[in-house]
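Working notes, beginning with the structure itself.
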Amino acid sequence: MMRKHKGYPVYPLTVAQKFHLFYLPYCPSAAVMNIGTRLTIQSEIDWDLLKQSIYQAYDRCEGMRVRFAKDKDGTYYQYVVDKEERDIEFVDFSQGTLEEADKVMQQWTTVPFPMEDAPLTRVVMISLPDGFNGVYFLGHHMIVDAQSLIGFLKDIIELYCSQKYEGVPAPKEMASYIEQIQKDLAYEAGSKAQLGTWSSSRRRSSPPSPSTTA
């Protein structure tokens with residue numbers, strides 16, 4: 001029977017995730033793992049529809065619903081919750097300056113995420129000066145990189161536009177994070193076996209002769 005936490009199946013960390021946890025204690029702040037960005041357009045926004053689209057994007061993207069926890073031995077593992085249920089915040093910066101808005105968002109990016117049983121992403125709907133509107137996104141590098149960040153924001157935009165504008169197709173389904181994790185773990189297990197075979201055969205061979213130079 002598969003091990004569970006809070007009713008969800010759990011999975012080991014990948015090698016890349018373990019590496020992040022290895023160097024994290026040596027960083028001056030855990031916020032070094034944060035990736036923050038904003039995406040805006042000079043257009044009016046249907047905020048209710050945008051919020052709905054953000055929730056839909058979370059529903060479609062398992063990777064953005066990952067949580068981490070520790071077992072009694074202090075070993076981290078991961079699981080994926082069914083839904084993102086937090087309220088999607090809205091912050092109105094439109095009456096100030098862009099510099100003031102950026103300063104606040106930069107401060108948001110410096111706040112570390114709790115690592116256990118907590119969300120590792122944050123989305124805020126933002127209204128900026130000069131009619132620019134959109135979203136601020138913050139993610140933890142344990143589950144977010146540049147490619148997944150772009151893919152998630154792209155999904156929000158396409159979901160919004162497909163419901164807002166006639167003739168705009170809905171986006172294709174997102175790939176499964178769980179399936180990819182299972183493939184990564186299987187690959188890592190296979191690589192270790194191959195490495196062990198290679199190492200043992202290397203040990204049985206004769207050592208190379210020392211080189212000479214003229």
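Everything numeric in this text was worked out from a predicted model, so none of it was measured.
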(request) Using the side-chain contact (heavy atoms from CB on, under 4.5 Å) rule, take D117 and F68 through it: C-alpha gap first, then chi angles, then the decisive distance, then the call. (result) CA-CA 6 Å; D117 296 313; F68 292 96; over 6 Å; no

(message) Please enumerate all residues that pass ring pair (Phe, Tyr, Trp, His ring centres under 6.0 Å) together with H141, with sequence neighbours excluded.
(response) H20

Closest contact, heavy atoms only, [X] versus [Y]:
| X | Y | result |
| --- | --- | --- |
| L21 | Y76 | CD1-CD1, 3.4 Å |
| R86 | T121 | NH1-O, 2.9 Å |
| D46 | K164 | CB-NZ, 3.9 Å |
| I35 | D145 | CD1-CA, 4.2 Å |
| L128 | R38 | CD1-NH1, 3.8 Å |
| S29 | P112 | OG-CG, 4.3 Å |

(request) Could you check E62 against E179 for side-chain contact (heavy atoms from CB on, under 4.5 Å), going step by step and ending with a plain yes or no? (result) CA-CA 10 Å; E62 292 172 343; E179 288 181 7; over 6 Å; no

In terms of hydrophobic clustering (I, L, V, M, F, W, Y; side-chain heavy atoms under 4.5 Å; direct or indirect links), are [X] and [Y] co-clustered?
| X | Y | value |
| --- | --- | --- |
| L149 | M174 | no |
| V32 | V111 | no |
| L120 | Y23 | yes |
| F137 | I126 | yes |
| L98 | V124 | yes |

(request) List the steps and the verdict of side-chain contact (heavy atoms from CB on, under 4.5 Å) for E100 and V104. (result) CA-CA 7 Å; E100 291 169 339; V104 172; 5.9 Å; no

(request) Would you please indicate yes or no on a ring centroid separation below 6.0 angstrom for Y79 and Y11? (result) no

Interatomic distance, [X] atom [atom1] to [Y] atom [atom2] [nearest 0.5 angstrom]:
| X | Y | atom1 | atom2 | result |
| --- | --- | --- | --- | --- |
| K172 | R60 | NZ | CZ | 11.5 Å |
| E84 | I54 | CD | CD1 | 10.5 Å |
| M105 | T37 | CE | OG1 | 9.5 Å |
| K183 | S176 | NZ | OG | 8.5 Å |
| K18 | E188 | NZ | CD | 7.0 Å |
| D102 | W108 | CG | CH2 | 10.5 Å |

Any heavy-atom pair between the side chains of [Y] and [X] that's under 4.5 Å?
| X | Y | answer |
| --- | --- | --- |
| F152 | I156 | yes |
| P12 | L185 | yes |
| K4 | V10 | no |
| P171 | K154 | no |
| M64 | Y177 | no |
| Y55 | E85 | no |
| I157 | L39 | yes |
| M142 | M33 | yes |

(message) We want to know whether D184 and Q180 form a side-chain donor-acceptor pair, criterion being a heavy-atom distance below 3.5 angstrom.
(response)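 Note: D184 and Q180 side chains meet the donor-acceptor criterion.
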
(message) Under 3.5 Å, is there a donor on one side chain and an acceptor on the other for Q52 and Q163?
(response) yes

(message) Applying the side chain to side chain donor-acceptor pair (under 3.5 Å) criterion to N133, which one of S43, S94, S127 satisfies it?
(response)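 Among the candidates, only S127 passes.
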
With distance as the sole test, does [X] use its side chain to make a donor-acceptor pair with the main-chain N or O of [Y] at under 3.5 Å?
| X | Y | result |
| --- | --- | --- |
| R67 | E116 | no |
| Y165 | Y160 | no |
| S162 | E158 | yes |
| R65 | D59 | yes |
| N34 | T110 | no |

(message) Less than 6.0 angstrom from the centroid, inside 45 degrees of the normal: does R3 satisfy that with respect to the ring of Y77?
(response)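 Positive - R3 is close enough to the ring of Y77 and near enough to its axis.
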
(message) Please determine whether the number of non-hydrogen atoms from other residues, nucleotides or ligands lying under 6.0 Å from atom CD of Q42 exceeds 12.
(response)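 Enclosed: over 12 neighbouring heavy atoms sit under 6.0 Å from CD of Q42.
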
(request) Verify the neighbour count for atom CZ of F90: are there more than 12 heavy atoms of other residues, nucleotides or ligands below 6.0 Å? (result)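 Check passes, neighbour count above 12.
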
(message) Quick one, D71 with H5, criterion side chain to side chain donor-acceptor pair (under 3.5 Å). Give me CA distance, side-chain angles, the key distance, then yes/no.
(response) CA-CA 10 Å; D71 62 20; H5 177 74; over 6 Å; no

(request) Identify, with sequence neighbours excluded, every residue that meets salt bridge (charged side-chain N to carboxylate O under 4.0 Å, His left out) alongside D87. (result)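 Partners of D87 by the salt bridge (charged side-chain N to carboxylate O under 4.0 Å, His left out) criterion, ordered by chain and then number, come out as K51.
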
(request) Just do the side chain to side chain donor-acceptor pair (under 3.5 Å) check on T40 and Y136 with the steps written out, would you? (result) CA-CA 8 Å; T40 58; Y136 162 87; over 6 Å; no

